[in-house]
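Given the structure is predicted, the values throughout are model-derived calculations rather than measurements. Reminder, nothing fancy here: chain letters follow the sequence lines and each chain counts from 1.
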Number of protein chains: 2
Amino acid sequence: MGITIQEASRVSGLSTHTLRYYEQIGLIHEVGRDTGGRRSYTQPDLEWLDFLTKLRTTGMSIAEMCRYAELRRQGPATAAERRRMLEVHRERVLERIAQLGEDLAVIDYKIDLYHTMEKS
Amino acid sequence: MGITIQEASRVSGLSTHTLRYYEQIGLIHEVGRDTGGRRSYTQPDLEWLDFLTKLRTTGMSIAEMCRYAELRRQGPATAAERRRMLEVHRERVLERIAQLGEDLAVIDYKIDLYHTMEKS
DNA sequence: GCTTGACTTGAAGTGCACTCGAAGGTGCAG
DNA sequence: CTGCACCTTCGAGTGCACTTCAAGTCAAGC
């Protein structure tokens, strides 16, 4: 019914180690097991992993992701709180992008200086 | 002539610990000392720290910054190599910004979903 | 039936970038 | 002259996010 940890690793881009680690700390809840006790990842699992990865790459800490995952497990009653978490995170990402843009401008300026130096 | 490590910390936004650490690993070369052997930071030191901080916040590793600092110490002959390092880094930053933008769109979409959920 | 390779678990280890602690030196206020 | 804050060096410690290890289990191919 689901796919193996190897395939889930390939699809999600996370190592099998990381997949087990995420499960252990409660980021992915109760991944199903086949008859031999092996993990079996479903489509919803993979979609959740995908979203988790986006939170990670945008700089959310594992601890905060755990908090979000826990709220999610508690069901629809926590929807508003989860939304607020995402909104707070969204602001952080916007700030980060703005900061990167500023710093990039300085780096560009430096590169230009080097070009000028090399030509003269 | 220069300022104390406390003042340099305030101006640069780096802790005194970090300033000493950066010096120890060779990121800032030969910070001057006063008669009592205390560090004395000059304006060029502070400008260099500022640039280092921009490299850091844009994700350059300490190891790569050390490499850049070493080239800088070797003088103008290494200018082209330093420029190339910055150009490579620049590409990484651009990619990072693009990635953040994409992920942000997904987060925005999720926030929207929550709004819809809450209204219905 | 036996080997091979991928799976399971829990615990220990790694790398990065700091961050802190210990032990001692310096300079100024009272 | 004494206390006190702040400086020095060097080495050890911390937190995060994995990553690897050790020891054992299971299914498929020869």
Side-chain angles (χ1 to χ4, degrees), chain A residues 1-42 45 49-70 89 92 96 99 103, chain B residues 1-42 45 49-70 89 92 96 99 103:
Chain A
M1 198 213 108
I3 64 173
T4 69
I5 195 167
Q6 284 298 323
E7 293 165 330
S9 167
R10 200 179 35 72
V11 172
S12 69
L14 298 165
S15 75
T16 56
H17 298 302
T18 302
L19 287 173
R20 283 190 274 257
Y21 167 68
Y22 276 12
E23 184 179 344
Q24 184 198 325
I25 62 176
L27 270 184
I28 346 172
H29 197 47
E30 311 234 324
V31 175
R33 305 294 149 121
D34 67 12
T35 47
R38 291 168 158 91
R39 286 171 179 79
S40 171
Y41 291 83
T42 63
D45 288 338
L49 277 171
D50 225 60
F51 184 58
L52 281 181
T53 300
K54 288 191 198 315
L55 293 181
R56 260 319 278 133
T57 60
T58 50
M60 186 181 282
S61 73
I62 294 279
E64 198 169 347
M65 281 162 53
C66 284
R67 171 94 187 113
Y68 185 89
E70 203 194 316
H89 185 59
R92 284 195 299 244
R96 181 90 185 99
Q99 186 64 63
D103 293 349
Chain B
M1 199 211 106
I3 63 173
T4 69
I5 195 168
Q6 285 297 326
E7 292 165 331
S9 166
R10 199 179 36 72
V11 172
S12 68
L14 298 165
S15 74
T16 56
H17 297 301
T18 301
L19 286 173
R20 284 189 274 259
Y21 167 69
Y22 276 11
E23 184 179 344
Q24 185 198 322
I25 62 176
L27 269 184
I28 346 170
H29 197 46
E30 310 234 322
V31 175
R33 306 293 150 121
D34 67 13
T35 46
R38 289 170 159 89
R39 286 173 178 77
S40 171
Y41 291 84
T42 63
D45 287 339
L49 276 171
D50 225 60
F51 185 59
L52 280 181
T53 300
K54 288 188 197 317
L55 293 181
R56 256 327 271 132
T57 59
T58 50
M60 186 180 282
S61 73
I62 294 279
E64 197 169 348
M65 282 162 54
C66 283
R67 170 94 187 113
Y68 185 87
E70 202 194 317
H89 185 59
R92 284 194 299 243
R96 181 91 185 98
Q99 187 63 62
D103 293 349

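Between the P atom of D:dT19 and the CD1 atom of A:Ile5 lies a distance of 14 Å, rounded to the nearest Å. Rounded to an integer number of Å, the gap from B:Tyr22 OH to D:dC10 P is 20 Å. Between B:His17 atom NE2 and C:dA22 atom P the separation is 13 Å, expressed in whole Å. For the pair B:Arg38 CZ and C:dG24 P, the computed distance is 18 Å after rounding to whole Å. The separation between B:Glu23 atom CD and C:dC18 atom P is 16 Å, rounded to whole Å. For the pair B:Leu19 CG and C:dT19 C1', the interatomic distance rounds to 13 Å; values are reported in whole Å. When the C1' atom of C:dT14 is taken as reference, atom OH of A:Tyr21 falls 13 Å away, rounded to whole Å. The separation between B:Arg33 atom CZ and D:dT8 atom P is 6 Å, rounded to whole Å.
Side-chain nitrogen and oxygen atoms of A:Arg20 include none within less than 4.0 Å of the OP1 or OP2 phosphate oxygen of D:dT20. Put simply, B:Gln6 has a side-chain N or O that comes within less than 4.0 Å of OP1 or OP2 on D:dC7.
Both A:Thr18 and A:Thr35 lie close to DNA chain D; mapped to their nearest nucleotides by heavy-atom distance, the more 5′-ward contact belongs to A:Thr18. Map B:Gly37 and B:Gly59 each onto its nearest nucleotide of DNA chain C; the residue landing nearer the 5' end is B:Gly59.
Within 4.0 Å (heavy atoms only), A:Ser61 reaches sugar-phosphate atoms of the nucleic acid but no base atom. Contacts of A:Gln24 with the nucleic acid, taken as non-hydrogen atoms under 4.0 Å apart, are absent. Nucleic acid contact class of A:Arg56 (heavy atoms, under 4.0 Å, all strands): sugar-phosphate only.
Counted by atom type alone, B:Thr58 and A:Asp103 present zero donor-acceptor pairs between their side chains at under 3.5 Å.
Remark: B:Arg92 engages B:Glu64 in a salt bridge, criterion side-chain N to carboxylate O under 4.0 Å.
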For this session: Report the C-alpha separation of A:Thr53 and A:Asp50 in whole Å, then their side-chain angles, then the decisive distance to 0.1 Å, and conclude whether the side chain to side chain donor-acceptor pair (under 3.5 Å) test is met.
Result: CA-CA 5 Å; A:Thr53 300; A:Asp50 225 60; 5.6 Å; no
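A side chain to side chain contact (heavy atoms under 4.5 Å, CB included) with A:Tyr41 is found for one member of A:Thr4, A:Ile3, A:Val11 and no other, namely A:Ile3.
Listed by first and then second residue, the salt bridge (charged side-chain N to carboxylate O under 4.0 Å, His left out) pairs that reach into residues 4-22 of chain A come to none, sequence neighbours excluded.
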